[in-house]
There are 2 protein chains.
Amino acid sequence: MKTETFRALGEPSRLRIVELLRNGPLSVGEIADTLAIRQPQVSKHLRVLAEAAIVAVEPIERRRIYHLEAEPFEEIGEWVDSFERLWSTRLDSLDAYLNSLAEKRNEDE
Amino acid sequence: MKTETFRALGEPSRLRIVELLRNGPLSVGEIADTLAIRQPQVSKHLRVLAEAAIVAVEPIERRRIYHLEAEPFEEIGEWVDSFERLWSTRLDSLDAYLNSLAEKRNEDE
DNA sequence: GTGTCATATTCTCGTCAAGGAATATATTGG
DNA sequence: CCAATATATTCCTTGACGAGAATATGACAC
């Protein structure tokens, strides 16, 4: 998993932008107005999100319409799934760990 | 969704720690040795992860065994699912957006 | 071309966070 | 209580990053 993806989402304004774009594509100005963030900051945040491939842009007339990309979210989904698949065995792992400690103790005796 | 969760994961060393703990609980020293990170930094990263409720600690003998918590991963999973549910309609949304632009153009005429 | 709207970039500044080194705080065993 | 091990915390320095203001770039209309 890329830390870049999480880093991009780990900033309040950027997460707000992402959750806003969840409802559909928007232009830079619409994002700025809706979230009450100044346009330059929006552009900067969108740049970070674009570098993380979380958003993409499509120029339409004079505007640049940003929309979410599917891939990063699919990656995150698969990543958390890979954890949750092990979840059922987590307590077993803890048990195993405690047992290994117990074994070491026995070896030392 | 909390930005705190993503912020905690958006740091390379911390993501490495999380992916290491994916294999099972470990003590601070074991994490430090495995990842070749100095112990104080490991403790500091674990503190951030614990504040984000991504890990929890269980003291055993002289050690403190850290393990992953399920909840944040479930939250992330639900969050990305909520996006992917809308994924099928993303192109429709783009269409709708373009249509709304077209309507505005018509209004102006 | 000029002007205008929409967006991107640059600059500076302040803040925050990560790493290193040293030290403090348990916890356990004698 | 003292020593030793394991972990946490503090202080310091440095680099990264976000916000603001100003400016630059780009696309379109005339």
Side-chain angles (χ1 to χ4, degrees), chain A residues 3-18 20-21 25-52 54-67 97-98 100-102 104-106 108-109, chain B residues 3-18 20-21 25-52 54-67 97-98 100-102 104-105 107-109:
Chain A
T3 87
E4 181 72 10
T5 306
F6 289 135
R7 202 174 58 81
L9 296 174
E11 203 278 330
S13 297
R14 281 197 292 268
L15 190 58
R16 289 177 67 208
I17 291 175
V18 169
L20 176 60
L21 290 179
L26 289 175
S27 71
V28 178
E30 288 169 327
I31 296 171
D33 290 346
T34 305
L35 301 182
I37 305 174
R38 296 171 203 280
Q39 176 267 318
Q41 326 295 341
V42 173
S43 287
K44 283 187 264 188
H45 284 310
L46 285 171
R47 185 180 188 184
V48 176
L49 291 171
E51 284 169 351
I54 293 173
V55 301
V57 63
E58 179 164 1
I60 294 183
E61 302 179 344
R62 270 185 247 186
R63 320 211 183 151
R64 293 169 65 81
I65 310 301
Y66 282 87
H67 62 87
Y97 187 89
L98 296 181
S100 74
L101 285 182
K104 268 193 187 154
R105 245 199 320 279
N106 291 336
D108 294 346
E109 284 170 1
Chain B
T3 88
E4 181 71 12
T5 306
F6 289 135
R7 202 174 59 80
L9 296 174
E11 203 279 331
S13 298
R14 281 197 291 268
L15 191 58
R16 291 177 66 209
I17 292 175
V18 168
L20 176 59
L21 290 180
L26 289 175
S27 70
V28 177
E30 288 169 327
I31 297 170
D33 291 347
T34 305
L35 301 182
I37 305 174
R38 296 172 204 281
Q39 175 266 318
Q41 327 294 341
V42 172
S43 287
K44 284 188 259 189
H45 285 310
L46 286 171
R47 186 181 187 184
V48 176
L49 291 171
E51 284 169 350
I54 293 173
V55 302
V57 63
E58 179 164 2
I60 293 183
E61 301 178 343
R62 270 185 249 186
R63 321 209 181 152
R64 292 168 65 81
I65 310 301
Y66 282 85
H67 62 88
Y97 188 88
L98 296 180
S100 74
L101 285 182
K104 269 191 187 157
R105 246 197 320 281
E107 287 169 7
D108 294 347
E109 284 171 1

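Note on naming: letters A, B, ... go to the chains in the order of the sequence lines (proteins, then strands), and numbering restarts at 1 for each one.
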Pairing annotation in dot-bracket form, given for DNA chain C with Watson-Crick or G-U pairs under 3.5 Å and | for cross-strand partners:
||||||||||||||||||||||||||||||
Heavy-atom contacts, protein to nucleotides 25-30 of chain D, under 4.0 Å, summarised as B (base), S (sugar-phosphate only) or - (none) per nt, yield --SS--
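In this structure, R14(B) atom CZ and dA18(C) atom C1' are separated by 9 Å, rounded to whole Å. Rounded to an integer number of Å, the gap from I17(A) CD1 to dG18(D) P is 11 Å. Atom CD in E4(B) sits roughly 13 Å away from atom C1' in dC16(C) (whole-Å rounding). The interatomic distance linking L9(A) (CG) with dG18(D) (P) rounds to 12 Å, in whole Å. Distance, L15(A) CG to dC17(D) P: 18 Å, rounded to whole Å. Regarding E51(A), its CD atom lies at a distance of 13 Å from the C1' atom of dT9(C), rounded to whole Å. When rounded to the nearest whole Å, the span between CZ of R64(B) and C1' of dT5(D) equals 15 Å. One can place CG of L46(A) at 16 Å from P of dA6(C), the figure rounded to the nearest angstrom.
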Without placing hydrogens or testing angles, list every side-chain donor-acceptor pair under 3.5 Å for residues 31-40 of chain B, not counting sequence neighbours.
from	atom 1	to	atom 2	distance (Å)
T34(B)	OG1	E30(B)	O	2.7
Q39(B)	NE2	S43(B)	OG	3.1

What donor-acceptor contacts under 3.5 angstrom involve side-chain atoms of residues 8-15 of chain A, with partners at least two apart or in another chain?
from	atom 1	to	atom 2	distance (Å)
E11(A)	OE1	S13(A)	N	3.0
E11(A)	OE1	R14(A)	N	3.1
R14(A)	NE	A8(A)	O	2.8
R14(A)	NH1	H45(A)	ND1	3.2

Short N/O separations, protein against nucleotides 19-21 of chain C, under 3.5 angstrom:
from	atom 1	to	atom 2	distance (Å)
dG19(C)	OP2	H45(B)	NE2	2.9
dG20(C)	N7	Q41(B)	NE2	3.0
dG20(C)	O6	K44(B)	NZ	2.8

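With dC17(D), dA8(C), dT7(D) as the choices, the nucleotide that has an atom nearest any side-chain atom of R7(A) turns out to be dC17(D).
Taking 4.0 angstrom as the limit, S27(B) places a side-chain polar atom (N or O) nearer than this to OP1 or OP2 of dT7(D). In terms of phosphate contacts, Y66(A) brings no side-chain nitrogen or oxygen within less than 4.0 Å of OP1 or OP2 of dA6(C).
Each of I37(A) and V42(B) lies near DNA chain D, and the nucleotide nearest V42(B) is the one positioned closer to the 5' end.
Interface remark: the Q39(A) side chain does form a donor-acceptor pair with the dA8(C) base, using a distance-only criterion of under 3.5 Å.
Scanning for side chain to side chain donor-acceptor pair (under 3.5 Å) contacts around R64(A) gives an empty result, with sequence neighbours left out.
Minimum interatomic distance between S27(B) and I65(B) (heavy atoms only, all atoms of both residues): CB-CD1, 3.8 Å. When all heavy atoms are compared, the tightest approach of Y66(A) to L21(A) is O-CD2, 3.6 Å.
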